[in-house]
Amino acid sequence: MPDLMFPQTSAVSERTRSTSLAIFLLIIAVGVAFVAVHLVIDLEPVQQSSVFPYVLLGFAMLIALGFEFVNGFHDTANAVATVIYTHSLTPNLAVLWSGAWNFAGVLVSSGAVAFGILQLLPVELILQVGGHAGFAMVFALLIAAITWNLATWYFGLPSSSSHTLIGSIIGVGLMNQLMRGPSGTSGVDWTQALGVGKSLLFSPIVGFLCAGLLLLVLKAVVRVPALYTEPVGNKPPPLWIRSLLILTCTGVSFAHGSNDGQKGMGLIMLILIGTVPTAYALNKAVTPAQTQAFVTVAHQASAVFGRYASGSPPSASPREDVEAYVRTRQMTPATLPAVKQLTDIVAQQITAAGSISTVPASLVDNVRNSMYLVSEAIRLMEKSKQPAFTADDRAVIDSYMQQLNHATKFIPTWVKVAVAIALGLGTMVGWKRIVVTVGEKIGKQHLTYGQGASAEVVAMLTIGAADLYGLPVSTTHILTSGVAGTMAANGSGLQWNTLRSLVLAWVLTLPASIALAAALYWLFRVMS
């Protein structure tokens, strides 16, 4: 590495670095203890006749958190690239600071991104996540994503973990469809995949154009030459510039946690539901009062479905008919009666249990899957606008969908803590390669303070906006394209060899992860 990045440090700097490292490790230790305690509390009531589910749970969690750890090499490392490269913060302190704000972003995240990605998966694999096919799916897509991320990190290429994970999901869906043939499997939800693809495609373009424009505006308004110089040796910039860069790093870290940090959470929840459904299939935090509200809204929604299904005979197999609608996205005369009947069945089961948190272990899986199917059916009805609900009826249906999602699409706090820990550790171990690429290998000149601030402001706002709409985007793509945009706007020139490598990594990520995940899924299914 160049001397600019790894200068000789004084004794005071070494003490500061050691102190920040000690604080970081202490926080990690506290987080690990928090995760362990809450996992034990959650599993204590679970009655298992074998230790195998726990072994499987541990192995699957290790791989899922490994994905987030590798994610730290790529996406989280981009959040600290500018403050480390400009010597605004020491590497250990930057990672600690970024990790704290990543964690804050993770904690306030809605989960919309996490469950939005899961909607790409075939519905039958989600409903049978505890079976051989379900675990083959989880292991295949996680191992494929980790493999590709490690390969691109090794060459110092800021590849997108989001892009990789989504490609892996598509690969599993395609192979599942090929293996089952004309048996009615849903394969990939291409409508959902197209929406995700658009967000991944356009966000780097937004980063490039907006970051370049912001730098030009900044140079016109803030005429301070110090802001547009590159770092010299290991000397930190003036205090006000340091504060600006630390602020933008904070914003990117928070936005990254609220968006990218969610991507592994949905998969971790699938693992928990598959191995210990009694503890995680339904939200145990739902209170009796909230349960009563759920039942009331369910009855109202049932009445709405009944009105729009008027004249259609009852479904002989409501669960199968609703699953067929979610799988094929084709509404038949049996769809609305089936959704109404499944809604009534769920309400009866919850009423008999007294609370969502006290549903008998033997029924938990069944109730959760019924809720999931009804929620997905409502989502598809709203997208297709069939049937055409009135405003009042739509309000009732929307309220019911929110109740269903609250009961089934939840993320425990300890899962968020575990993901934040994995991201932080990954960033601490693997930041160096990415920082050098961002700081020195995109433009023909080294990154200036103003360029770093412009790229990070745009990244922060773009990721935050995507989070509001539940769209997954790549911190890597947005920030690196933003840096390239500032280099172009500044007339600094671009290193086309690096850019070609970056674009090649971006272009190859999708087909490579699709092929890897498809091959692994086929292998695991054959082995099982």
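Note that the coordinates shown come from a computational prediction; the quantities given were computed from them, not determined experimentally.
Within the 4.5 Å cutoff, the side chain of Ser355 has no heavy atoms near those of the Gln292 side chain. Val286 is listed as a side-chain neighbour of His406, based on a closest heavy-atom distance under 4.5 Å. In this structure the side chain of Ile411 reaches within 4.5 angstrom of the side chain of Met269, judged on heavy atoms. No side-chain heavy atom of Met61 sits under 4.5 Å from any side-chain heavy atom of Thr275. With a 4.5 Å cut-off on side-chain heavy atoms, Asp42 and Lys284 do not count as touching. Counting heavy atoms from C-beta outward, Ser98 and His256 have side chains that stay 4.5 Å or more apart. Side-chain contact between Leu282 and Ser357 is absent, with no heavy-atom pair separated by less than 4.5 Å. Taking the side chain as every heavy atom from C-beta outward, Met371 and Phe294 approach each other to under 4.5 Å.
Taking all atoms of both residues into account, the shortest heavy-atom contact from Glu68 to Ala422 is CB-CB, 3.7 Å. The two residues Gly167 and Ser513 make their nearest non-hydrogen contact at CA-OG, 3.3 Å. For the pair Pro277 and Val364, the tightest heavy-atom approach, listed with the atom from each and the gap, is O-CG1, 3.3 Å. Here the shortest heavy-atom pairing between Asp365 and Ala281 reads OD1-CB, 4.5 Å. Among all heavy-atom pairs drawn from Tyr521 and Ala133, the shortest one is CE1-O, 3.7 Å. For the pair Met265 and Val419, the tightest heavy-atom approach, listed with the atom from each and the gap, is CG-CG2, 3.9 Å.
Rounding to the nearest 0.5 Å places CG of Leu373 at 11.0 Å from CG of Asp321. Rounding to the nearest 0.5 angstrom, the gap separating the NZ atom in Lys416 from the CD1 atom in Ile421 is 14.5 Å. Separating the OG1 atom in Thr509 from the CG atom in Asn149 is a distance of 8.0 Å, to the nearest 0.5 Å. Distance check, rounded to the nearest 0.5 Å: CD1 of Ile356 to CG of Asn283 gives 8.0 Å. The CD1 atom of Ile378 sits 10.5 Å away from atom CD of Gln402, with the distance rounded to the nearest 0.5 Å. Taking CD of Glu323 as the reference point, atom CG of Asn369 lies at 8.5 Å (rounded to 0.5 Å).
Scored by the ring-ring contact (aromatic ring centres under 6.0 Å, His included) test, His38 finds Phe34 as partners (sequence neighbours excluded). With sequence neighbours left out, the ring-ring contact (aromatic ring centres under 6.0 Å, His included) criterion links Phe139 to Phe59.
Arg329 forms no cation-pi arrangement with Tyr325, by the criterion of a distance under 6.0 Å to the ring centre and an angle within 45° of the ring axis.
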Decide side-chain contact (heavy atoms from CB on, under 4.5 Å) for Leu342 and Ser370; before the verdict, give the C-alpha distance in whole Å, the side-chain angles of both, and the deciding distance to 0.1 Å.
-> CA-CA 7 Å; Leu342 203 55; Ser370 295; 3.9 Å; yes
Between Tyr372 and Val123, does a side-chain contact (heavy atoms from CB on, under 4.5 Å) hold up when you go through it step by step?
-> CA-CA 10 Å; Tyr372 179 84; Val123 63; 4.1 Å; yes
side-chain contact (heavy atoms from CB on, under 4.5 Å) evaluation trace for Val374 with Tyr400 | CA-CA 10 Å; Val374 173; Tyr400 181 45; 3.7 Å; yes
Glu376/Lys383 under salt bridge (charged side-chain N to carboxylate O under 4.0 Å, His left out): CA gap, chis, key distance, verdict | CA-CA 11 Å; Glu376 286 298 287; Lys383 284 180 66 174; over 6 Å; no
Could you please spell out the steps behind the side-chain contact (heavy atoms from CB on, under 4.5 Å) verdict for Ile271 and Tyr280?
-> CA-CA 10 Å; Ile271 291 166; Tyr280 296 107; over 6 Å; no
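Environment of CH2 in Trp414: crowded, with over 12 heavy atoms of neighbouring residues, nucleotides or ligands closer than 6.0 Å.
Between the side chain of Ser258 and the backbone N or O of Gly105, no donor-acceptor pair lies under 3.5 Å. A donor-acceptor pair is defined here as one N or O able to donate and one able to accept, closer than 3.5 Å; no such pair exists between the side chain of Ser317 and the backbone of Glu320. Of the possible donor and acceptor atoms, one in the side chain of Thr358 sits under 3.5 Å from a partner among the backbone N and O of Ala353.
Screening Leu43, Leu39, Val37 for a side chain to side chain contact (heavy atoms under 4.5 Å, CB included) involving Ile41 leaves a single residue, Val37.
Judged purely by distance below 3.5 Å, without hydrogens or angles, the side chains of Arg319 and Asn366 pair a donor atom with an acceptor atom.
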